[in-house]
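Taking it in order: structure first as structure tokens, then the write-up.
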Amino acid sequence: MNIMIRKLTQDEYNNAADLSYQVCMECGRGDFTPKGMENLKFLVYDTSLMNALDIYGAFNKHLLIGIIGVHREKQHISLFFVLPHYHRQGIGKSLFDYVMSECNFTYITVNSSTYAETFYASLGFKKVGKKELNKGIVSIPMERNI
């Protein structure tokens, strides 16, 4: 499989939103109350929120198979999803490494889903707080020094 990673154009952000929502529906439903699912949908389809992010995509041929969205000023991962069919193939790690090489971060934070906690730990993230419920979405605050 020949994966290409590049920064998405804002015209492609809707594709990133679709992928984010799809992966949450398939993998992370346990982390959302019904209100949380509504909030997630609102967040990923809110153009002004999405435009505040730099979003990078992983492509298999022309198919978008994974995305990572970072807020540069906050040094925070806001979105990070890979289609389930492509899990455990190094795509998430490749996306993360690519973004870290593009951004001069000294640290990076994320509010991990319970589903992704082990993945973030494999990237060197540590828990910095207890599991929390915010706007119907369960997350675990994590960070990593670069």
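Position 1 is the first residue of the sequence; numbering continues from there.
- Between the side chain of Tyr56 and the backbone N or O of Gly66 there is no donor-acceptor pair closer than 3.5 Å.
- Enclosure of atom CG in Asn104 is not indicated, since only 12 or fewer non-hydrogen atoms of other residues, nucleotides or ligands lie within 6.0 angstrom.
- Neither Val138 nor Val44 shares a network with the other; the hydrophobic side chains, linked directly or stepwise wherever heavy atoms of I, L, V, M, F, W or Y lie under 4.5 Å apart, form separate groups for each.
- Smallest separation of non-hydrogen atoms from Tyr98 and Ser101: O-OG, 2.7 Å.
- For the atom pair CG (Asn145) and OG1 (Thr106), the distance works out to 7.5 Å, reported to the nearest 0.5 Å.
- Glu117 has its side chain within reach of Met142: a pair of non-hydrogen atoms, C-beta onward, lies under 4.5 Å apart.
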Discussion item. Between Leu8 and Arg6, is the side chain to side chain contact (heavy atoms under 4.5 Å, CB included) condition met? List the steps.
Written reply: CA-CA 6 Å; Leu8 299 184; Arg6 65 171 172 78; 4.1 Å; yes
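- Distance alone, capped at 3.5 Å, is enough to place a donor-acceptor pair between the His76 side chain and the Thr109 backbone.
- Using a distance-only test at 3.5 Å, with no hydrogens or angles considered, a donor-acceptor pair links the side chain of Asp46 to the main chain of Leu49.
- Taking each heavy atom of Gly57 and Leu64 in turn, the nearest pair found is CA-CD1, 3.8 Å.
- Here the CD1 atom belonging to Ile91 is positioned 8.5 Å from the CD1 atom belonging to Ile5, to the nearest 0.5 angstrom.
- Leu95 and Leu63 fall within the same hydrophobic cluster, where Ile, Leu, Val, Met, Phe, Trp and Tyr residues are linked whenever their side-chain heavy atoms come under 4.5 Å apart, directly or through other members.
- A donor-acceptor pair under 3.5 Å is absent between the side-chain atoms of Gln75 and the main chain of Arg72, judged by distance alone.
- Hydrophobic clustering (side-chain heavy atoms under 4.5 Å, transitive across Ile, Leu, Val, Met, Phe, Trp, Tyr) groups Leu83 together with Leu40.
- Salt bridge annotation for Lys7-Glu102: absent, with no cationic side-chain nitrogen under 4.0 angstrom from a carboxylate oxygen.
- Distance check: Lys74 NZ to Phe105 CZ gives 12.5 Å after rounding to the nearest 0.5 Å.
- Between Ile68 and Leu79 the shortest side-chain heavy-atom distance does not fall below 4.5 Å.
- Defined by atom type and a distance below 3.5 Å, a donor-acceptor pair is missing between the side-chain atoms of Asn51 and Tyr13.
- Hydrophobic clustering places Tyr21 together with Leu53 (ILVMFWY residues linked when any side-chain heavy atoms are closer than 4.5 Å, directly or through intermediates).
- Between Ile137 atom CD1 and Asn111 atom CG the span is 9.5 Å, to the nearest 0.5 Å.
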Discussion item. Evaluate Phe80 against Val23 for side chain to side chain contact (heavy atoms under 4.5 Å, CB included), listing each step before the verdict.
Written reply: CA-CA 10 Å; Phe80 195 173; Val23 174; over 6 Å; no
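- Ile140 pairs with exactly one of Lys131, Glu132, Lys130 by the side-chain contact (heavy atoms from CB on, under 4.5 Å) rule, that one being Lys131.
- Expressed to the nearest 0.5 Å, how far SG of Cys103 lies from NE2 of His71 amounts to 12.0 Å.
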Practice prompt. Run the numbers on Lys135 and Phe42 for side chain to side chain contact (heavy atoms under 4.5 Å, CB included), then give the verdict.
Written response: CA-CA 12 Å; Lys135 296 182 181 172; Phe42 172 78; over 6 Å; no
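- In terms of modelled atom types and a separation under 3.5 Å, the side chain of Asp54 and the main chain of Val70 share no donor-acceptor contact.
- The two atoms that bring Ile67 and Ser20 nearest to each other are CD1-OG, 3.4 Å, heavy atoms only.
- Met4 and Leu19 fall within the same hydrophobic cluster, where Ile, Leu, Val, Met, Phe, Trp and Tyr residues are linked whenever their side-chain heavy atoms come under 4.5 Å apart, directly or through other members.
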Item to complete: Decide yes or no on side-chain hydrogen bond (donor to acceptor under 3.5 Å, both in side chains) for Tyr45 and Asp18, but give the supporting numbers first.
Response: CA-CA 8 Å; Tyr45 289 103; Asp18 290 345; 2.5 Å; yes
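- Counting only heavy atoms from C-beta outward, the side chains of Asn60 and Tyr86 approach each other to under 4.5 Å.
- Taking the six-membered ring for Trp and the full ring otherwise, the centers of Phe119 and Phe125 sit at least 6.0 Å from each other.
- Taking both residues in full, the closest heavy atoms of Leu123 and Phe96 are given as CD1-CG, 3.8 Å, listed atom of the first, atom of the second, then distance.
- Across Ala16 and Ile55, no two heavy atoms sit closer than the pair CB-CG2, 4.1 Å.
- Here the straight-line distance linking atom CD of Glu143 with atom CD1 of Ile77 works out to 12.0 Å at 0.5 Å rounding.
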Worksheet item: Can you list the steps and then say if Cys27 with His87 is a side chain to side chain contact (heavy atoms under 4.5 Å, CB included)?
Response: CA-CA 11 Å; Cys27 301; His87 284 184; 3.8 Å; yes
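- In this structure a side-chain-to-backbone donor-acceptor pair under 3.5 Å is missing from Asp31 to Ser113.
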